[in-house]
Protein chains: 2
Amino acid sequence: MKLTAEQLEHFHKEGYIFIPEAFTAEEIEVLREAAKDVFEPEREEIWREKSGVPRTAFACHTYNKACEILGKHPRLVEPVAQAFEEPVYMHQFKINAKAAFAGDVWQWHQDFVTWHNDDGMPEPRAMNIAVFLDDVLPINGPLMLVPRSHESGAIDAGHDTETTAYPLWTLDNDTVARLVEQGGIVAPTGKAGGLLMFHGNLVHGSAGNITPYPRKIVYLTLSAVSNAITKPTRAEYIAHTDFTPIEALPDDALVQYARSRSQEPAAATA
Amino acid sequence: MKLTAEQLEHFHKEGYIFIPEAFTAEEIEVLREAAKDVFEPEREEIWREKSGVPRTAFACHTYNKACEILGKHPRLVEPVAQAFEEPVYMHQFKINAKAAFAGDVWQWHQDFVTWHNDDGMPEPRAMNIAVFLDDVLPINGPLMLVPRSHESGAIDAGHDTETTAYPLWTLDNDTVARLVEQGGIVAPTGKAGGLLMFHGNLVHGSAGNITPYPRKIVYLTLSAVSNAITKPTRAEYIAHTDFTPIEALPDDALVQYARSRSQEPAAATA
């Protein structure tokens with residue numbers, strides 16, 4: 001999937017692009033089942049909130065078939081390659097759970113600062129592209145973005161190892177207030193299947209979730225192949241060191257997989 | 001101010017009524033200045049989040065003139081007296097700050113359970129009526145209500161003394177999930193000046209606020225005079241024991257006060 005010239009212009013100007021219902025209900029269903037399987041067992045790649053509920057499942061594309069397919073999906077890989085004008089590799093793959101009743105905060109931050117400080121990523125030529133696995137509502141901790149904040153480049157950050165179970169380079173309140181004064185806050189919401197791509201320097205965060213509605217989102221962090229990380233300090237399952245360019249699968253790859261699992265005759269799905 | 005028959009029916013059926021922009025910008029301005037004065041000093045009636053920012057200012061109607069006027073305002077006193085069909089006294093008066101960046105959660109709860117358990121209130125013939133002092137947005141921790149949950153009566157609750165700095169009788173997740181399944185969640189949002197009245201048994205809560213936008217709300221807890229508390233265990237500034245029926249002031253009382261403060265000639269404000 002290629003972005004239109006208009007979408008690409010919006011992305012460069014605002015720092016993000018949101019495409020509602022980019023994935024169909026059938027595609028989302030197979031991904032939701034995958035997420036259920038992924039979060040079931042105890043594994044070192046699954047990090048938990050202080051309360052014990054799952055926060056993040058890293059690298060499940062390495063052991064779950066539907067996630068593997070999503071990691072090569074053209075609707076995710078192609079827009080990012082298009083924005084960077086070169087092929088991309090997988091820097092990180094994760095599902096953030098934002099569990100019902102207990103999903104915790106992600107403080108305001110820029111992703112690239114963490115990739116740079118912790119992984120030795122040279123340039124902000126990587127970014128997150130995310131798929132909503134649940135309906136994202138105003139009340140279940142939607143991702144909040146500060147439009148145009150990517151224009152500020154990488155901003156000095158403090159290493160927050162206290163607020164949540166996930167260490168993060170976060171911004172101070174005065175900086176966030178100043179950027180919000182300029183750009184406001186947007187919180188894209190919508191049905192499961194929505195697609196959100198945002199610049200590595202775009203300031204974002206999310207509040208906790210006390211509702212009974214979980215809010216799972218899959219994040220692919222895709223990096224330009226020219227932008228390999230140089231000094232990873234985090235586990236391989238958090239910051240991958242396989243810089244092979246991703247070859248995108250056909251657009252119907254997830255649908256084909258879903259139908260093959262439901263054991264319909266191959267002819268009916270062709 | 002009296003509720004219309006339609007509004008009263010909505011209240012009895014859904015457990016709440018929301019009236020946008022019930023107070024004017026001029027009235028809200030004087031209340032916002034009052035809130036600023038109130039939260040300034042250190043006082044025992046001002047409770048703080050674990051982070052130190054203000055959470056709640058109790059009983060400021062006893063020492064701040066604008067708050068005193070609001071505590072007798074006909075747009076607050078009359079609708080509650082109308083719903084109970086008798087005069088009301090002030091059980092509690094507070095401003096909840098939900099401060100920018102650091103406003104913490106209020107877990108799901110029913111107010112009457114706390115009033116009953118901690119103050120010895122006989123019946124759910126008391127309720128909160130609230131005025132928005134800031135714009136309430138989907139993203140700055142709006143109050144979330146579970147419509148029709150008041151029909152369940154008082155539900156068994158656990159005493160949560162851990163989550164926040166304010167001890168509260170809170171509901172378990174299964175109960176909340178079941179009630180939300182039936183009634184959904186509404187989160188009234190809108191400009192400063194909005195008015196929200198909700199039944200003492202209506203289940204409600206609010207998420208934290210990580211945005212730069214504070215979300216202050218004044219809450220009057222008004223009780224039917226026949227429903228005096230019988231065994232207060234909390235401080236007088238939290239659970240008042242003066243059961244005098246409130247006599248409502250004229251509808252323009254706040255405006256008159258605002259204008260008298262700005263030292264305009266009395267004749268111009270008559």
Side-chain angles (χ1 to χ4, degrees), chain A residues 49-53 98-109 135-147 149 160 162-164 168 170-190 203-215, chain B residues 49-53 98-109 135-147 149 160 162-164 168 170-190 203-215:
Chain A
E49 307 284 15
K50 289 170 178 177
S51 66
V53 302
K98 191 70 84 175
F101 293 112
D104 209 347
V105 166
W106 288 82
Q107 295 286 3
W108 297 104
H109 67 283
D135 294 352
V136 176
L137 311 169
I139 57 170
N140 64 351
L143 198 66
M144 297 189 282
L145 313 169
V146 181
S149 54
D160 175 8
E162 294 287 324
T163 308
T164 69
L168 200 63
T170 59
L171 298 170
D172 66 78
N173 293 351
D174 288 349
T175 301
V176 175
R178 180 174 52 79
L179 293 169
V180 169
E181 186 93 16
Q182 292 162 7
I185 294 176
V186 296
T189 55
V203 173
H204 61 286
S206 63
N209 178 21
I210 68 163
T211 76
Y213 307 117
R215 191 231 64 178
Chain B
E49 308 284 15
K50 288 171 178 176
S51 66
V53 301
K98 190 72 84 177
F101 294 113
D104 208 348
V105 166
W106 289 83
Q107 295 286 3
W108 297 104
H109 66 284
D135 294 354
V136 177
L137 311 169
I139 57 170
N140 66 351
L143 198 67
M144 299 189 282
L145 314 169
V146 182
S149 54
D160 176 8
E162 295 288 321
T163 308
T164 68
L168 201 62
T170 59
L171 298 170
D172 66 78
N173 293 351
D174 288 349
T175 301
V176 175
R178 179 175 52 78
L179 294 169
V180 170
E181 186 92 19
Q182 291 162 9
I185 294 176
V186 295
T189 54
V203 173
H204 61 287
S206 62
N209 178 21
I210 69 163
T211 76
Y213 307 118
R215 191 232 65 178

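In the text below, chain A, chain B and the rest are named by the order of the sequence lines, each starting its count at 1. Predicted, not measured: the structure shown is a model, and the values here were computed from it.
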B:Pro212 to A:Val176 - nearest heavy-atom pair and separation:
CG-CG1, 4.2 Å
Would you give the length of the straight line joining atom CD1 of B:Ile139 to atom OG1 of A:Thr189, rounded to the nearest 0.5 angstrom?
11.5 Å
CG of A:Asp174 to CZ of B:Phe101, rounded to nearest 0.5 Å, is 7.5 Å
Select one option (side chain, backbone, both, neither) describing which atoms of A:Thr211 are under 4.5 Å from chain B's heavy atoms.
both
Among A:Pro138, A:Gly141, A:Ala177, which residue has the highest count of heavy-atom pairs closer than 4.5 Å to chain B?
A:Ala177
Under a 4.5 Å cutoff for heavy-atom pairs, which residue among B:Ile185, B:Asn209, B:Asn173, B:Val180 has the most contacts with chain A?
B:Asn173
B:Ala207 versus chain A, the contacting section by heavy-atom distance below 4.5 Å
both
